[in-house]
Amino acid sequence: SIATFTLFPPQGEMEKLALPTGSAAGPYPTIQTDLRSVTGFGACPSHFALFSLANKKCEVYSYAAGVVSKGGTIALPGVVGRDIALTSESIWYISEKGLECVTHSGTHKASLPSAPAEGRPTVLFASSDSMLVTVSSESYLNIFDIRRREIKTMIRPRKLEFDNGSEMQTLEEVKSVRINAKGTFVSLISHQSSRVFVYSLNSDTLDSYDFATIKGSPTNHAWDLREHRLLVVEVLPSLTQLKEVVSPVKTSGSDKNKNSSNNNNKVVTPPMDTDLNEGDDSLSQAEVCTLFATEEFGLKMQYTFHPQLSEVAFVSSNVPFLSFLLNPARAQGNMEHLSRNKKEAIASQGLILSQRCMRDFEGVQISSLDDNARVALTDFSFYLTIGNMDEAYKAVKSISSLNVWRNMAQMCVKTRRLDVAKVCLANMNNALAVHAVRDASNKAAATGDETQVEAISLAMVATQLGMYKEAEVLLQEIAR
């Protein structure tokens, strides 16, 4: 049988549409393969490959300026794994003895045999042309530097064990592994766990974040292509959770602003950090979570949101965008402003590649975003996430985005930083809010009770930001 695949352009070449999410509308090149049961896919900036375990072969293609060229069909002798890893010059695959490496023309380059005690590799991943990471059947992690002819081992084979709260437990049945752009963190997800695990090469530690708190399990994960600390995880509800969920409720215009807890989606997320995607009628049961990996603070959740129903799968992260596969049939409401011909062209593609702007970049003029501003806003997000308000302020003091200052002001309420909150309100050009906070502070000071001044002032900041529950809590603490 012949399978057809659609190729999406890299982010730098994507055509932008005037949709709520930027989209590449094609036409996209398509390829046909006679490989049976394509089980693996490998990609690097210049090439990609399709792999069939049944055929024990892969097809290699080059991609440049929108033109796809087939390089050939390569036999992979002794292959037993379902995955391959591709670099600009090589194909890595799993054999009975360990790892094998061949060129794009099929010439054998190298073998990396496995130690019997470690077991055979079961999953592998290559970070462009620099790092290769594998996990074995006996739960050993290996990382190799493949930039030179002589392959270098980056760590001793590392048994993957973690503290489950009562004892050390082996991480088994790893289903995928990823390494960040800098080669400093490795992420792993398992068939048996609701956690995402992150191994730090510098500290030789294995940290984790448990999505059981939102009754989900990670199904997909990727490091940002530029920001080495940023990890994005796609989470689906557990089987138990899915049984609780009735079909998604479509909201009417009058219901659109109600709290998401009023619908049948029972996945729990922090209300302030959740993007409700008001442009869509209903939300996916999946969640996409962004986390920062640190050696000092471990894994810290930045924010989480439900994708729109039209965003059927998370693809990649490249600050300031997250990319998704979009099903146009589910997004007709978002294309009402387009011409009929444009709608038909998009719909004919089946799936299209869509970009969503990250939360802390909303309201920023992306077309004029240089590297310095991008780094500053990313640092701002990082410091907000770990609660370091002073460094967050230093990172963005020259940024003029109102959305950035609003996000920081909201975090100031949570961390009780009145001094920074006042600066944020001023940078939001909200003179009424600044006056209201100053007036509340003066009235509270006039009572002579200094202990109430900060709480009352912060409560007014929260009120001006629409954080009414937080304001209520602050006032309750001082019996007001």
Side-chain angles (χ1 to χ4, degrees), residues 11 125-128 130-131 133 141 143 145 154-155 158 162 176-189 195-211 218 220-235 270 273 275 287-305 314-323 355-362 364 366 369-396 399 401 404 407-408 411 415:
Q11 289 175 331
F125 179 79
S127 173
S128 189
S130 56
M131 297 287 187
V133 55
L141 174 70
I143 304 171
D145 184 339
M154 298 299 295
I155 62 170
R158 173 64 151 80
F162 65 98
S176 67
V177 60
R178 302 285 185 265
I179 189 167
N180 70 349
K182 225 177 180 183
T184 53
F185 291 111
V186 174
S187 58
L188 313 99
I189 58 177
R195 305 186 189 199
V196 61
F197 296 85
V198 171
Y199 172 75
S200 168
L201 277 73
N202 294 332
S203 61
D204 187 30
T205 55
L206 184 66
D207 200 357
S208 68
Y209 188 95
D210 195 349
F211 294 100
N220 187 14
H221 57 129
W223 293 95
D224 189 85
L225 298 178
R226 290 192 277 193
E227 173 47 56
H228 68 278
R229 298 168 296 187
L230 187 61
L231 174 65
V232 184
V233 183
E234 188 172 23
V235 180
D273 296 330
D275 179 1
E287 286 195 72
V288 174
C289 308
T290 62
L291 304 96
F292 279 106
T294 71
E295 293 177 10
E296 184 178 359
F297 303 101
L299 281 172
K300 292 291 186 181
M301 176 71 76
Q302 184 199 16
Y303 78 110
T304 176
F305 63 91
F314 165 68
V315 176
S316 68
S317 174
N318 189 9
V319 173
F321 292 113
L322 298 174
S323 294
Q355 287 184 324
R356 168 195 288 266
C357 190
M358 293 178 177
R359 183 191 63 181
D360 290 333
F361 287 83
E362 292 175 356
V364 177
I366 299 298
L369 188 70
D370 59 21
D371 284 343
N372 290 335
R374 178 183 57 79
V375 170
L377 286 170
T378 304
D379 286 343
F380 162 77
S381 300
F382 172 73
Y383 288 121
L384 277 189
T385 301
I386 65 173
N388 189 332
M389 304 307 300
D390 293 328
E391 291 300 322
Y393 172 68
K394 290 178 184 177
V396 294
I399 300 293
S401 168
V404 168
N407 287 342
M408 190 168 179
M411 186 59 70
T415 57

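The basis for the numbers below is simple: all heavy atoms, side chains too, and nothing from hydrogens, waters or symmetry mates.
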Between [X] and [Y], is any pair of side-chain heavy atoms under 4.5 Å apart?
{"X": "Leu322", "Y": "Phe305", "answer": "yes"}
{"X": "Cys289", "Y": "His221", "answer": "no"}
{"X": "Asp371", "Y": "Arg226", "answer": "yes"}
{"X": "Val186", "Y": "Phe125", "answer": "no"}
{"X": "Met389", "Y": "Leu384", "answer": "yes"}
{"X": "Asp204", "Y": "Ile155", "answer": "no"}

For [Y], does its backbone N or O pair with a side-chain atom of [X] as donor and acceptor, under 3.5 Å?
{"X": "Thr294", "Y": "Gly298", "answer": "yes"}
{"X": "Asn202", "Y": "Glu295", "answer": "no"}
{"X": "Asp224", "Y": "Asn318", "answer": "yes"}

Working to the nearest 0.5 Å, report the span between [atom1] of [X] and [atom2] of [Y].
{"X": "Asn407", "Y": "Tyr303", "atom1": "CG", "atom2": "OH", "answer": "10.0 Å"}
{"X": "Leu201", "Y": "Lys182", "atom1": "CG", "atom2": "NZ", "answer": "12.5 Å"}
{"X": "Ser316", "Y": "Asn220", "atom1": "OG", "atom2": "CG", "answer": "10.0 Å"}
{"X": "Ser187", "Y": "Asp207", "atom1": "OG", "atom2": "CG", "answer": "12.5 Å"}
{"X": "Glu227", "Y": "Thr378", "atom1": "CD", "atom2": "OG1", "answer": "5.5 Å"}

**Request:** For Arg359 and Gln302, run side chain to side chain contact (heavy atoms under 4.5 Å, CB included): C-alpha distance rounded to whole Å, both residues' side-chain angles, the deciding distance at 0.1 Å, then the answer.
**Result:** CA-CA 10 Å; Arg359 183 191 63 181; Gln302 184 199 16; 4.3 Å; yes
**Request:** Could you tell me which residues satisfy side-chain hydrogen bond (donor to acceptor under 3.5 Å, both in side chains) with Asn180, sequence neighbours excluded, listed by chain and number?
**Result:**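 Partners of Asn180 by the side-chain hydrogen bond (donor to acceptor under 3.5 Å, both in side chains) criterion, ordered by chain and then number, come out as Thr184.
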**Request:** Anything under 30° is parallel, anything over 60° is perpendicular, the rest tilted; go ahead and classify Trp223 against Phe185.
**Result:**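 Trp223 vs Phe185 ring planes: parallel.
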**Item:** side chain to side chain contact (heavy atoms under 4.5 Å, CB included) evaluation trace for Leu230 with Met358
**Value:** CA-CA 12 Å; Leu230 187 61; Met358 293 178 177; 3.8 Å; yes
**Prompt:** Does the side chain to side chain contact (heavy atoms under 4.5 Å, CB included) test come out yes or no for Met301 and Val233, once each step is laid out?
**Reply:** CA-CA 10 Å; Met301 176 71 76; Val233 183; over 6 Å; no
**Test side chain to side chain contact (heavy atoms under 4.5 Å, CB included) applied to Ser381 and Phe292, step by step** = CA-CA 9 Å; Ser381 300; Phe292 279 106; 4.1 Å; yes
Taking all non-hydrogen atoms of both residues into account, name the closest pair between [X] and [Y] and its distance.
{"X": "Leu299", "Y": "Tyr209", "answer": "CD1-N, 3.7 Å"}
{"X": "Ala392", "Y": "Phe380", "answer": "O-CD1, 3.8 Å"}
{"X": "Leu377", "Y": "Asp360", "answer": "CD2-O, 4.2 Å"}

**Request:** State which residues pass side-chain contact (heavy atoms from CB on, under 4.5 Å) with Asp379; sequence neighbours excluded, sorted by chain then number.
**Result:**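 For Asp379 the side-chain contact (heavy atoms from CB on, under 4.5 Å) partners, ignoring immediate neighbours, are Arg229, Val375, Tyr383, Ala395.
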**Message:** Restricting to side-chain contact (heavy atoms from CB on, under 4.5 Å), what partner residues turn up for Ala181, sequence neighbours left out?
**Reply:**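 Per chain and number, Ala181 pairs via side-chain contact (heavy atoms from CB on, under 4.5 Å) with no residue.
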**Message:** Check for me whether the distance between the ring centres of Tyr199 and Phe197 falls short of 6.0 Å.
**Reply:**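 No.
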**Item:** side chain to side chain donor-acceptor pair (under 3.5 Å) evaluation trace for Glu287 with Thr304
**Value:** CA-CA 7 Å; Glu287 286 195 72; Thr304 176; 2.8 Å; yes
